Protein chains: 2
Amino acid sequence: MIIDLDLQSEIPIYTQLVQTIKKGIALKELVPGEALPSVRSLAADLGINLHTVNKAYQLLKQEGYVFIHRQKGVVINPEGVPKADEVYVEKLKGDLEPLIVDAICRDMDEERFIQLCREQFKKFR
Amino acid sequence: MIIDLDLQSEIPIYTQLVQTIKKGIALKELVPGEALPSVRSLAADLGINLHTVNKAYQLLKQEGYVFIHRQKGVVINPEGVPKADEVYVEKLKGDLEPLIVDAICRDMDEERFIQLCREQFKKFR
DNA sequence: ATAACTGTTATATATATAATATAACAAATG
DNA sequence: CATTTGTTATATTATATATATAACAGTTAT
């Protein structure tokens with residue numbers, strides 16, 4: 001799995017890590033039950049601090065993406081990622097709003113916006 | 001125009017301000033050519049610092065949402081907000097990706113996602 | 001003219017976040 | 001017994017956020 005970080009980005013490194021791992025799951029490059037590298041080895045591979053990796057893992061755990069076994073390691077949730085529930089949908093609506101507000105202000109057609117979404121979805125099939 | 005800020009939010013105040021003003025434009029509560037409050041009066045109304053308001057206005061200016069006349073004031077771009085161009089579309093794709101990655105990981109149906117987008121669009125018609 | 005108002009610039013401070021550097025701990029594994 | 005796991009703790013640096021004051025240079029209204 002390729003993880004290319006942009007250390008100059010305004011997006012925190014741990015956020016980039018979280019997104020990359022989620023993308024790996026969406027692409028099925030990472031499957032339920034699969035072990036992730038230890039915080040130390042991944043940090044060494046990426047040339048970053050182990051606490052930065054740990055923070056990413058903790059966030060993934062909090063969202064139900066991974067299980068963390070104290071003396072074993074980090075594993076993609078064997079049950080699969082928790083399904084979309086009401087809390088998640090409300091959060092998604094809140095995240096979508098500013099994107100759609102921008103699109104409307106810039107006079108982008110609803111159907112064009114939808115088309116962009118469909119193209120993104122297509123990348124994961 | 002109602003601006004309710006959440007000072008405890010992890011979202012910076014100036015970002016909340018930018019989003020609220022953009023939403024006002026999308027809802028046509030704010031129209032091209034319309035003057036916005038001065039940095040001082042808006043800051044006083046909201047109980048925040050004038051530099052926080054100024055930062056929001058500068059970002060809106062940078063994105064072409066407003067014009068700032070040095071000794072006159074801030075005005076919604078009379079020409080209207082710049083249309084969606086290629087740069088914008090690329091940025092939108094990048095902003096959509098993490099939302100769609102999450103949706104896919106949580107096994108949300110593409111059509112359900114689209115449906116949520118359409119509902120958001122409906123709020124602005 | 002003068003006072004009040006505009007955005008702008010400058011300086012300083014306080015707080016929080018992000019990232020790093022070390023070190024040590026407890027439990028499991030080789 | 002040494003190594004590896006995540007965890008916890010402490011400290012430091014840098015940056016972002018927000019505030020507080022003050023002053024400046026034009027513009028507008030009185």
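If you're wondering where the values come from, they're calculated on a predicted model, not measured in any experiment. In what follows, every heavy atom counts, from backbone to side chain, and hydrogens, waters and symmetry copies are set aside. Reminder, nothing fancy here: chain letters follow the sequence lines and each chain counts from 1.
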Separation of Leu92(B) CG from Glu97(B) CD (nearest 0.5 Å): 12.0 Å

Pairwise distance NZ(Lys22(A)) to CG(Leu27(A)) - rounded to 0.5 angstrom: 14.0 Å

Pair listing, side chain to side chain donor-acceptor pair (under 3.5 Å) test, anchored in residues 2-15 of chain B, at least two apart: none

Identify every side-chain donor-acceptor pair in residues 66-79 of chain B under 3.5 Å, counting partners at least two apart or on other chains, and give the distances.
| residue | atom | partner | partner atom | Å |
| --- | --- | --- | --- | --- |
| Asn77(B) | OD1 | Glu79(B) | N | 2.9 |
| Asn77(B) | ND2 | Gly64(B) | O | 3.1 |
| Asn77(B) | ND2 | Gly80(B) | O | 3.3 |

Co-membership, hydrophobic cluster, residues Leu116(A) and Ile104(B), 4.5 Å side-chain: yes

Partner residues of Gln16(B) under the side-chain hydrogen bond (donor to acceptor under 3.5 Å, both in side chains) criterion, sequence neighbours left out: none

Please tabulate the protein-to-nucleotide N/O contacts below 3.5 Å involving nucleotides 26-30 of chain C, giving atom names and distances.
| residue | atom | partner | partner atom | Å |
| --- | --- | --- | --- | --- |
| dA26(C) | N3 | Gln71(A) | NE2 | 3.4 |
| dA27(C) | O4' | Gln71(A) | NE2 | 3.2 |

Quick check: do [X] and [Y] have side-chain heavy atoms less than 4.5 Å from each other?
{"X": "Glu111(A)", "Y": "Arg118(B)", "answer": "yes"}
{"X": "Arg125(A)", "Y": "Glu110(B)", "answer": "yes"}
{"X": "Ile21(B)", "Y": "Tyr57(B)", "answer": "yes"}
{"X": "Val101(A)", "Y": "Cys105(A)", "answer": "yes"}

Any residue meeting side-chain contact (heavy atoms from CB on, under 4.5 Å) with Ile2(B), in chain and number order, not counting sequence neighbours: none

Candidate list Thr52(A), Asn49(A), Leu46(A), test side chain to side chain contact (heavy atoms under 4.5 Å, CB included), partner Ile13(A), passing option: Thr52(A)

Sorted by number, the residues of residues 12-23 of chain A with heavy-atom contact under 4.0 Å to DNA chain C: Pro12(A), Ile13(A), Tyr14(A)

Residues touching DNA chain C, which here means a heavy atom under 4.0 Å, drawn from residues 33-41 of chain B: Ser38(B), Val39(B), Arg40(B)

Consecutive-pair stems (at least three Watson-Crick or G-U pairs, under 3.5 Å) that include DNA chain C: C:1-30 with D:1-30

Presence of salt bridge, Glu119(A) and Lys122(A), under 4.0 angstrom: no

Interface with DNA chain D, restricted to residues 50-65 of chain B and to heavy atoms under 4.0 Å: His51(B), Thr52(B), Lys55(B)

Short side-chain donor-acceptor distance under 3.5 Å, Lys55(A) and Gln58(A): no

Interface limits on DNA chain D, where chain A has a heavy atom under 4.0 Å of a nucleotide atom: dT5(D) to dA9(D)

Glu63(B) (side chain) donor-acceptor with Leu60(B) (main chain) under 3.5 angstrom: no

Hydrophobic cluster (4.5 angstrom, side-chain heavy atoms) - remaining members for Ile114(B): Ile114(A)

Set of ring pair (Phe, Tyr, Trp, His ring centres under 6.0 Å) partners for Tyr65(A), sequence neighbours left out: none

